[in-house]
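Quick note: numbers below take in every heavy atom, side chains included, and nothing from hydrogens, waters or symmetry partners. Keep in mind the model is a prediction, meaning the values are calculated, not measured. Within every chain, numbering begins at 1; the chains are lettered A, B, ... in the order of the sequence lines, protein sequences first and strands thereafter.
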Protein chains: 2
Amino acid sequence: MKPSLPQGTRDFNATTIRKRNYIFNTIKNVFELYGFQPLETPAMENLDTLTGKYGEEGDKLLFKILNNGLERKEKHEQARLDFEKVLEGKNVAGITERALRYDLTIPFARYVAMNYGQLNFPFKRYQVQPVWRADRPQKGRYREFFQCDADVVGSNSLLNEVELINIYTDVFKQLNVDVEIKINNRKILSALAELCGGSERITDITVPIDKLDKIGWDKVKTELADRGLQHLQIELIEQYISIDGDNESKINNIKSLIGEIEIGRQGIRELEFLLSHNQDNANFSIDFTLARGLNYYTGTIIEIKAQNVQMGSIGGGGRYDDLTGLFDVPGLPGVGISFGVDRMYDVMEELKLFPSSLQTSTQVLFFNLGEAESKAAYDLLRQLRNNKVKAEIYHEAAKFDKQFKYAERNNIPYIIIIGSKELEAGSCVIKNIATGKQETIEQAELISFSFE
Amino acid sequence: MKPSLPQGTRDFNATTIRKRNYIFNTIKNVFELYGFQPLETPAMENLDTLTGKYGEEGDKLLFKILNNGLERKEKHEQARLDFEKVLEGKNVAGITERALRYDLTIPFARYVAMNYGQLNFPFKRYQVQPVWRADRPQKGRYREFFQCDADVVGSNSLLNEVELINIYTDVFKQLNVDVEIKINNRKILSALAELCGGSERITDITVPIDKLDKIGWDKVKTELADRGLQHLQIELIEQYISIDGDNESKINNIKSLIGEIEIGRQGIRELEFLLSHNQDNANFSIDFTLARGLNYYTGTIIEIKAQNVQMGSIGGGGRYDDLTGLFDVPGLPGVGISFGVDRMYDVMEELKLFPSSLQTSTQVLFFNLGEAESKAAYDLLRQLRNNKVKAEIYHEAAKFDKQFKYAERNNIPYIIIIGSKELEAGSCVIKNIATGKQETIEQAELISFSFE
């Protein structure tokens, strides 16, 4: 049989893993620097933990696990009845009881609900794990991909938002990626909705606005009209999305537009707090067109755009009122952010931001030139490894060429040669492949040789 | 709804993750020190990649993914027919096409077969990822658990075995776990089978011998007889498993028992080679009763036993002739080892071998004592973080007690207090919670304070 991979999934080889780990480790280290603690949940959740949490479309994208043991005869009659319900699009415990996690938020909520009494609030967790979605695969969209989330729950303090914004700043600074950190507040959007006839209109306003970047104002206008917004209301929304200038003048303009509405004033106060804590942050900017689709968010919303490259957002998040209500635990407020690691990878690849030093793993290859020679080499190899030098010995006595090629193809910068002559003299030849420089030293000196 | 976890799966909190990562990172670092390169494969594989590779029992333990889109009406007729086959225990692409990986070896073989032309042989890969098995959950057996494998393929050299044994030695030394590294060779077992009537008897001999530890010789004897072995053959096997003494005398005894058989002589030569490379390794011992169930192995077999604790093997591996034959790529020989991380965790927990320093994450908590005070604290916090000190600020102005408790419950060793007095004086109070020692220093001096 000719082996293949399931659609939308990927193998990662060493070169790619090193680059991905560079991103993951940078993010994790910053999370830890800010006092966030790791959490890991299982790949599978009970189906009733997941269904109904991601909307009708989301439910269809869950990867469900077929129950085991269906071949047992005594189960067949019931299984056939149950399967009919599966064909109707229902979940039936007789056929499937579990599914792969679809995101990290619901498993986190489930964890908090299950462990509520043991947790120390505010609870700051981060989680970096794969999720699975049965989306139609396309360029840049996979059926298995990593999410990388940090959340604080059990606190209403805006200091948490300040911290999360600083996490973004620190991570992208360390990775050398220029970004714009865009901020808005759902309360301001709520105020706009109130001005347009009532807070229940917020979805009719935010869904079109969210597409502004992609489809332009004319089409947004048509969609707003289709959703029943009147001419004057659309004019108001146009005024709203046209607010421009630096952060300060944006604040002034929004005040004159929605400052009469109580919830709008709250939103503005919150933005001002974040501004006052980000005065030295040149990448921080208010963007009133930012809406973020999820109605889940209730306060600050954040989105990260990479500069100098065509790419959707590479991170985002926001404040929510109620993490655990769905699991019968009194609603916990919180705020969270997420990094879009696959897109970050593509941006860094395009801008050539991965340090080339990532790709050196083994530093030294000892040539294998016979039994006695390789035994002497092996002793030296062990000494180097005790000094934390990553080193290998070629697996068998072979021609120079072949061993040399192995070093080259594996990016090993140094080779060490102990032939019969060196064996007798107690010496070894060290060659730097890149420079071609070659020197002969005493074997006893090798341990203090610097492989930089 | 009351949330719960699927049977046999676990959440890992920060305390457990730190301990697990201590094990994982130690292993990965040693793998890299020896020139092994990371590989990651997707959680899902095509079902036909996995079925038939783990025996009939293994096939039943695969977690299969239910296809999406079964609710589409035009598919119903075929789906019902297909489901009848599922009830017969068959895999039908119309119902399920994918399954979660069951181990790391078959995905590795699939990867090597798919990328054969691009790989540089000998190819040394390591892989640390979860696997899933629909086993009945019980103490110490989970449905989701990590495997941790290293393999070299494309080489017959015994130097690879030497390297893998050294990896075991280094990892367990670094983790402070005393182990016995038990070695045998399937060729010696083959020779024994030949002496007992033919090489095809090897399974009838090795399956009972494998249980010797658990059920004792009397029951093994009965099982051998049940499997058709004659009295004289069983006597021979008893002689075989009774071989005792140090490694050298074991070699002498086995020579006199099976040294006449060609394949036995080969196996002995291979053992001698490993012995000669492990003369300084006190934990290395030949164990002729070691059989390792899998017929897959063809040469050296290895198993790791922890000392001073009741526990099954915590690692094992061996040499095989043909990794990729099943995937239509000419059989590649190789040798691999695996670490049993869950059991290692239990051993280290029981012997209290986890360093307590693992559990300090955040080093400093700044108290929050009002808006102006917390702003000053926040500036200092950022300075500390720039110096890589993990630090937090309490999320809101609150009573001393509450903030103190947060520090205690999160194992944060230092608190820093900036109240109105300190704000005015430009000072801060640093308190070490464990010692109770408290001192007041200038805020400007904080950056050079040593939080050890």
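Looking at V389(B), only its backbone comes within 4.5 Å of chain A, counting heavy atoms on both sides. Proximity to chain A is limited to the side chain of Y378(B), based on heavy atoms less than 4.5 angstrom apart. The parts of L33(B) that come within reach of chain A are both its backbone and its side chain, each placing non-hydrogen atoms under 4.5 angstrom from that chain. Contact annotation for N160(B): only side-chain heavy atoms (C-beta onward) come within less than 4.5 Å of a heavy atom of chain A. Only the backbone of L326(A) has a heavy atom closer than 4.5 Å to any heavy atom of chain B. For chain A, the nearby part of E144(B) is the side chain; its heavy atoms alone come within less than 4.5 Å. Contacts between R382(A) and chain B at a heavy-atom distance below 4.5 Å involve the side chain alone, from C-beta outward. Contact of L87(B) with chain A is made through backbone and side chain together, with heavy-atom distances under 4.5 Å. Using a 4.5 Å cut-off between heavy atoms, E97(B) makes no contact with chain A at all. Contacts between T41(B) and chain A at a heavy-atom distance below 4.5 Å involve backbone atoms as well as side-chain atoms. With a 4.5 angstrom heavy-atom cutoff, D170(B) touches chain A only via side-chain atoms. With a 4.5 Å cut-off on non-hydrogen atoms, T15(A) does not touch chain B at all. Contact annotation for T16(B): neither backbone nor side-chain heavy atoms come within less than 4.5 Å of a heavy atom of chain A. Contact of N410(A) with chain B is made through backbone and side chain together, with heavy-atom distances under 4.5 Å. Heavy atoms of T49(A) lying under 4.5 Å from chain B belong to its backbone as well as its side chain. Both the backbone and the side chain of N166(A) come within contact range of chain B, with heavy atoms under 4.5 Å apart. Contact annotation for R10(B): only backbone heavy atoms (N, CA, C, O) come within less than 4.5 Å of a heavy atom of chain A. Residue L119(B) touches chain A through its backbone alone, counting heavy-atom pairs closer than 4.5 Å. Within the 4.5 angstrom heavy-atom criterion, only side-chain atoms of R18(B), from C-beta onward, approach chain A. Looking at I17(A), only its side chain comes within 4.5 Å of chain B, counting heavy atoms on both sides. Using a 4.5 Å cut-off between heavy atoms, K124(A) contacts chain B through its side chain alone, with no backbone atom that close. With a threshold of 4.5 angstrom between heavy atoms, E163(A) approaches chain B through its backbone and through its side chain. The contact between I95(B) and chain A is made entirely by side chain atoms (from C-beta outward), counting heavy-atom distances below 4.5 Å.
Across N156(A), L100(A), L66(A), N115(A), the residue that shares the most heavy-atom pairs under 4.5 angstrom with chain B is L66(A). Taking chain A as the reference chain and counting heavy-atom pairs below 4.5 Å, the highest number among K64(B), K60(B), Q7(B) is found for K64(B). Contact count versus chain B (heavy atoms, under 4.5 Å) is highest, among V162(A), T96(A), N67(A), for V162(A). Chosen from E84(A), K2(A), K388(A), K73(A), the residue pairing most often with chain B at heavy-atom distances under 4.5 Å is E84(A). The choice from E88(A), R72(A), E396(A), K375(A) that makes the most heavy-atom pairs within less than 4.5 Å of chain B is K375(A). Between chain A and the residues K75(B), R80(B), E45(B), the largest count of heavy-atom pairs under 4.5 Å involves R80(B). Listed options A14(B), P6(B), A99(B), A109(B) were ranked by heavy-atom pairs under 4.5 angstrom with chain A; first place goes to P6(B). Ranked by heavy-atom pairs shorter than 4.5 Å toward chain A, the options G69(B), S361(B), P130(B) are led by S361(B). For the set A43(B), G89(B), A134(B), the entry with the most heavy-atom pairs within less than 4.5 Å of chain A is A43(B). Your options are R385(A), M114(A), E71(A), and the one with the most heavy-atom pairs under 4.5 Å with chain B is R385(A).
We find the OH-CG distance between Y111(A) and L5(B) to be 10.0 Å, quoted to the nearest 0.5 Å. Atoms CG and NE2, on D379(B) and H277(A) in that order, are 8.0 Å from each other to the nearest 0.5 Å. Here OG1 of T9(B) is found 7.5 Å from CG of N46(A). Values are rounded to the nearest 0.5 Å. The CD atom of E392(B) sits 8.0 Å away from the CZ atom of F36(A) when rounded to the nearest 0.5 Å. Between the CD atom in Q37(B) and the OG1 atom in T362(A) there is a gap of 5.5 Å [rounded to 0.5 Å]. We find the CD-CZ distance between Q118(A) and R409(B) to be 9.0 Å, quoted to the nearest 0.5 Å.
Residues I65(B) and F63(A) come closest through the heavy atom pair CG2-CD2, 3.6 Å. In terms of heavy-atom proximity, N120(B) sits nearest to Y406(A) at ND2-O, 3.6 Å. Closest approach of R110(A) to S4(B), counting heavy atoms only: CD-O, 3.8 Å. Taking each heavy atom of L159(B) and N368(A) in turn, the nearest pair found is CD1-ND2, 3.6 Å. Heavy-atom minimum distance, Y394(B) versus P122(A): OH-CD, 4.4 Å. When all heavy atoms are compared, the tightest approach of D11(B) to P42(A) is OD1-CD, 3.2 Å.
Salt-bridge formation is not detected for the pair E40(B)/R20(A): no Lys NZ or Arg NE/NH1/NH2 atom is positioned less than 4.0 Å from an Asp or Glu carboxylate oxygen.
Side-chain N or O atoms of S157(A) include one that pairs as donor or acceptor with a backbone N or O of H395(B) at under 3.5 Å. Checked by atom type and distance alone, the side chain of N68(A) pairs as donor or acceptor with a backbone atom of L62(B) at under 3.5 Å.
Ring geometry, F83(A) versus F83(B): the interplanar angle falls under 30°, so the pair is classed parallel (tilted spans 30 to 60°).
Around CD of E74(A), the count of heavy atoms belonging to other residues, nucleotides or ligands within 6.0 Å exceeds 12.
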